[in-house]
Amino acid sequence: MFTNIQQMDDMVRKHDQYRAKCLNLIASENYSSNSVRNHLTSDFSNRYGCYPTANPESREYRGNKYIHEFEMETQKLVGEVFGAEYVDLRPIGGHIAGIATVLGLLAPGELVYEISLKDWGHGLVTLMREVPHFRQTIRLDWIPFDEDRQVDMTQLEAMIVEQKPKMIILGGSGMLWAEPIAELRAIADREGIILAYDASHVTGLIAGGVFPNPLRLGADVMFGSTHKSFPGPQGGFIATNDYDIYKKVGNTVGSALVTSHHLNRLPALAVSMLEMKKHGPQYGEQIIKNSKALGQAMQEVGFKVVGARKGFSDTHLILVDVSEFGSGLKISKLLEEATILCSDDFGQLDKELRIGTAEITRRGMKEKEMKTIAKLFARVIIANEDTQQVAREVEALTQGFLGCEFTL
Ligand SMILES: *Cc1c(COP(=O)(O)O)cnc(C)c1O
C-alpha cells in the first residue's frame with residue numbers, strides 16, 4: 001500500500017522509463033503530444049458541466065460560463081473535422097458512446113448486426129448482452145466477412161432481406177479495409193435500417209482524410225474513441241448530421257449513462273483536433289505507408305500476413321497469422337518479454353497478432369524502420385532468440401524515436 005507521494009511518483013516514473021524502451025505496436029493506443037498532455041490538468045477537472053438531455057443549454061450547475069463556451073467551441077471543431085453538424089463529447093470512451101447509440105435508437109426487441117469478436121469486432125452489443133436486461137431486449141447477429149476480411153455483401157444482403165435488422169454497426173477493432181458504406185446505404189434506405197459506424201480505431205485516419213468518412217458516405221451516425229489512431233486524450237464522441245438521432249442519443253447519454261463527463265478532456269481534445277487539422281493528412285499517409293511496408297516486410301521474413309494479396313492494409317494496423325508458431329496469446333507474451341507490445345486476438349481464435357503503426361508513426365518511424373521491426377519479430381517468433389537480447393536491440397531502436405511528430 002502506498003504511504004507517500006514519492007512512492008507513487010517513483011512508480012509512474014518507472015512506467016515512463018519502461019514504456020520509453022518498449023516498441024508500442026498496440027493499435028488501440030497512441031502517443032499524445034506534450035501540449036495535449038499539458039491541457040489535461042486545468043480546473044475543468046474539478047467542475048460539473050452536466051446536462052440531462054442532448055442540449056448543452058440545459059446544464060444543471062452554476063459557474064459554467066466558460067465551460068459551456070469551451071464545450072460549444074470544441075463541438076464545432078470536432079464537427080468540422082468529421083463533417084458533422086451535431087456532436088456530443090460527453091461519452092468518456094468509444095464503448096459508452098456506442099452503448100448510447102444502441103440504447104437511444106433501438107426499441108426493445110429489435111435486431112442489430114455488428115462485427116463478431118472472431119472477426120476482430122469490438123463486441124459492443126455482445127458485451128451489453130452479458131447484462132441480463134439487455135440480453136432480453138436486444139437481438140443480435142453478425143456481419144459476414146470473406147477470407148480477405150472484407151464485408152461479404154452478397155451474404156449480408158440476403159441476411160438483411162430475411163431478418164430485417166433495425167441497425168447495422170460497422171467498424172471493428174482489427175479492420176484492414178474500408179467497409180462498403182455507400183452500397184449499404186442504398187439497402188438501408190430500402191429496408192429502413194439505421195447505419196451506425198464505430199470509428200473507434202480509425203478516428204485519426206478519418207480526421208486526416210486518408211480513410212473514407214462514413215458520415216459522408218451515408219452512415220447515419222458515427223461514434224468512437226479519441227485516443228487510438230486519433231492521438232488525443234482518452235475519450236469518446238458521437239457525431240451525426242441527423243438532428244433526431246442527435247437528440248435521441250444525446251438524451252440517452254445525459255439521462256442514463258454520463259453525468260460528470262470529465263471536462264478536463266475537452267481542452268486536450270481541442271488541441272489534438274488542431275494538430276490533426278494541420279498535420280492529419282501527412283500523419284495518416286505515413287501511417288498507411290508504414291502499415292503496408294510492415295506487412296510486406298513481415299511477409300518477407302517468413303510470416304503469413306492477412307490480406308497480403310490486397311496490399312496488407314489500408315489502415316493503421318496489420319494482422320499476422322502466427323498459428324504455425326503457436327498460440328497468439330503465448331506469442332504476444334513472449335514478445336512482451338522482448339519489450340515488443342502488440343495484441344493477440346483476445347481469446348478468440350488465438351491465432352492472429354494485431355500490429356498497429358499509429359504510435360510508432362507519431363514517434364517518427366518510417367518504412368525503413370518497418371524492416372527492422374519485422375526482423376525483430378522474426379527473431380523472437382521464428383528463430384526463438386533470447387528475448388533479453390532482442391529487448392536490448394528494441395531499446396536501441398526506440399531510443400532514436402522518443403520525440404513526437406505532427407504537433408503544433
Ligand atoms: C476500443 C474500441 C471501443 C471501445 O472504446 P473505448 O474508448 O475503449 O471505450 C469500441 N469500439 C471499437 C471498435 C473499439 O475498437
Side-chain angles (χ1 to χ4, degrees), residues 18-29 117-120 145 147-149 173-177 286-361 363-401:
Y18 164 63
R19 290 301 291 252
K21 287 185 197 170
C22 290
L23 180 63
N24 191 20
L25 304 163
I26 296 175
S28 30
E29 293 183 353
L117 287 167
K118 73 166 179 47
D119 289 315
W120 284 97
F145 278 75
E147 65 198 62
D148 288 324
R149 306 301 160 87
S173 305
M175 53 208 294
L176 299 173
W177 331 109
Q286 189 61 51
I287 285 178
I288 292 170
K289 279 189 205 161
N290 283 352
S291 292
K292 289 183 183 294
L294 185 58
Q296 182 70 41
M298 290 293 276
Q299 189 176 58
E300 281 166 14
V301 298
F303 287 108
K304 204 161 118 194
V305 185
V306 179
R309 62 178 176 179
K310 287 198 68 213
F312 305 102
S313 172
D314 289 338
T315 68
H316 61 305
L317 60 89
I318 62 167
L319 299 174
V320 177
D321 181 342
V322 290
S323 53
E324 64 192 290
F325 305 106
S327 135
L329 175 65
K330 284 202 187 120
I331 289 172
S332 76
K333 289 185 172 174
L334 192 66
L335 289 162
E336 186 181 30
E337 281 178 25
T339 58
I340 298 171
L341 310 180
C342 65
S343 304
D344 62 278
D345 55 18
F346 306 114
Q348 293 307 307
L349 304 178
D350 200 21
K351 59 185 268 200
E352 286 174 9
L353 296 180
R354 181 186 67 180
I355 305 173
T357 55
E359 178 156 334
I360 53 174
T361 303
R363 290 258 159 148
M365 293 192 193
K366 298 209 164 75
E367 289 91 326
K368 176 167 164 270
E369 285 73 39
M370 300 308 117
K371 292 193 170 158
T372 310
I373 292 172
K375 286 184 195 140
L376 292 166
F377 269 92
R379 288 173 54 187
V380 175
I381 302 172
I382 302 175
N384 280 311
E385 270 185 52
D386 174 41
T387 51
Q388 295 313 306
Q389 176 57 35
V390 177
R392 281 190 282 279
E393 290 178 43
V394 169
E395 187 177 354
L397 171 66
T398 54
Q399 292 320 291
F401 296 92

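For clarity, every value in this text was computed on a predicted model and none was experimentally measured.
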*Asks:* Going through the distances and angles, do Ile340 and Phe377 end up as a side-chain contact (heavy atoms from CB on, under 4.5 Å)?
*Replies:* CA-CA 8 Å; Ile340 298 171; Phe377 269 92; 3.7 Å; yes
*Asks:* Quick check: are there more than 12 heavy atoms from other residues, nucleotides or ligands sitting under 6.0 Å from NZ of Lys292?
*Replies:* yes
*Asks:* If I compare all heavy atoms of Gln299 with all of Val305, which pair ends up nearest, and what's the gap?
*Replies:* N-CG2, 3.8 Å
*Asks:* Do you know the tightest heavy-atom contact between Leu353 and Gly328?
*Replies:* CD2-O, 3.9 Å
*Asks:* Whether the Gln286 and Glu367 side chains hold a donor-acceptor pair (N or O, under 3.5 Å, no angle test) is what I'd like checked.
*Replies:* yes
*Asks:* Is it the case that the side chain of Asp345 and the backbone of Asp350 share a donor-acceptor pair, with hydrogens and angles ignored and the cut-off at 3.5 Å?
*Replies:* yes
*Asks:* Any chance you could measure Asp344, atom CG, to Lys351, atom NZ, to the nearest 0.5 Å?
*Replies:* 14.0 Å
*Asks:* What heavy-atom pair brings Leu334 and Thr387 nearest, and what distance separates the two atoms?
*Replies:* O-CG2, 3.6 Å
*Asks:* For side-chain contact (heavy atoms from CB on, under 4.5 Å), just list the numbers for Lys289 and Thr361, CA-CA rounded to whole Å, side-chain angles, deciding distance to a tenth of an Å, and then say yes or no.
*Replies:* CA-CA 10 Å; Lys289 279 189 205 161; Thr361 303; over 6 Å; no
*Asks:* Would Leu335 and Leu25 count as a side-chain contact (heavy atoms from CB on, under 4.5 Å) here? Give the steps.
*Replies:* CA-CA 11 Å; Leu335 289 162; Leu25 304 163; over 6 Å; no
*Asks:* What heavy-atom pair brings Thr398 and Lys21 nearest, and what distance separates the two atoms?
*Replies:* OG1-O, 3.0 Å
*Asks:* Decide, yes or no, whether a salt bridge links Arg363 with Glu369 under the criterion of side-chain N to carboxylate O below 4.0 Å.
*Replies:* no
*Asks:* About how many Å separate CE of Met365 and CG of Asn290, when rounded to the nearest 0.5 Å?
*Replies:* 9.5 Å
*Asks:* Below 4.0 angstrom, N of the basic side chain to O of the carboxylate: do Glu29 and Arg19 qualify?
*Replies:* yes
*Asks:* Identify which one of Leu176, Leu294, Ile355, Thr357 satisfies the side chain to side chain contact (heavy atoms under 4.5 Å, CB included) criterion when paired with Leu317.
*Replies:* Leu176
*Asks:* Show the nearest heavy-atom pair for residues Arg354 and Cys342, with the distance to one decimal.
*Replies:* O-CB, 3.5 Å
*Asks:* Quick check: does any side chain N or O of Ser332 sit under 3.5 Å from a backbone N or O of Ser343, one acting as donor and the other as acceptor?
*Replies:* no
*Asks:* Roughly how far, to the nearest 0.5 Å, is CD of Glu337 from CG of Asp386?
*Replies:* 9.0 Å
*Asks:* Kindly give the heavy-atom pair with the smallest separation between Arg149 and Val306, and that separation in Å.
*Replies:* CG-CG1, 3.7 Å
*Asks:* Drop me the distance from Phe346's CZ to Glu352's CD, to the nearest 0.5 angstrom.
*Replies:* 12.0 Å
*Asks:* Is a donor on one side and an acceptor on the other found under 3.5 Å between the side chain of Trp120 and the backbone of Leu319?
*Replies:* no
*Asks:* Inspect the surroundings of NZ in Lys310 and state if more than 12 heavy atoms from other residues, nucleotides or ligands are less than 6.0 Å away.
*Replies:* yes
*Asks:* Rounded to the nearest 0.5 Å, how far does OG1 of Thr339 lie from CZ of Arg392?
*Replies:* 10.5 Å
*Asks:* If you apply the rule side-chain contact (heavy atoms from CB on, under 4.5 Å), what do you find for Lys375 with Val301, and how did you get there?
*Replies:* CA-CA 7 Å; Lys375 286 184 195 140; Val301 298; 4.2 Å; yes
*Asks:* Once you round to the nearest 0.5 Å, how far does CD1 of Ile318 lie from CD of Gln296?
*Replies:* 10.5 Å
*Asks:* Under a 3.5 Å distance rule, please check whether Ser291 uses its side chain to pair with a backbone N or O of Thr315 as donor and acceptor.
*Replies:* yes
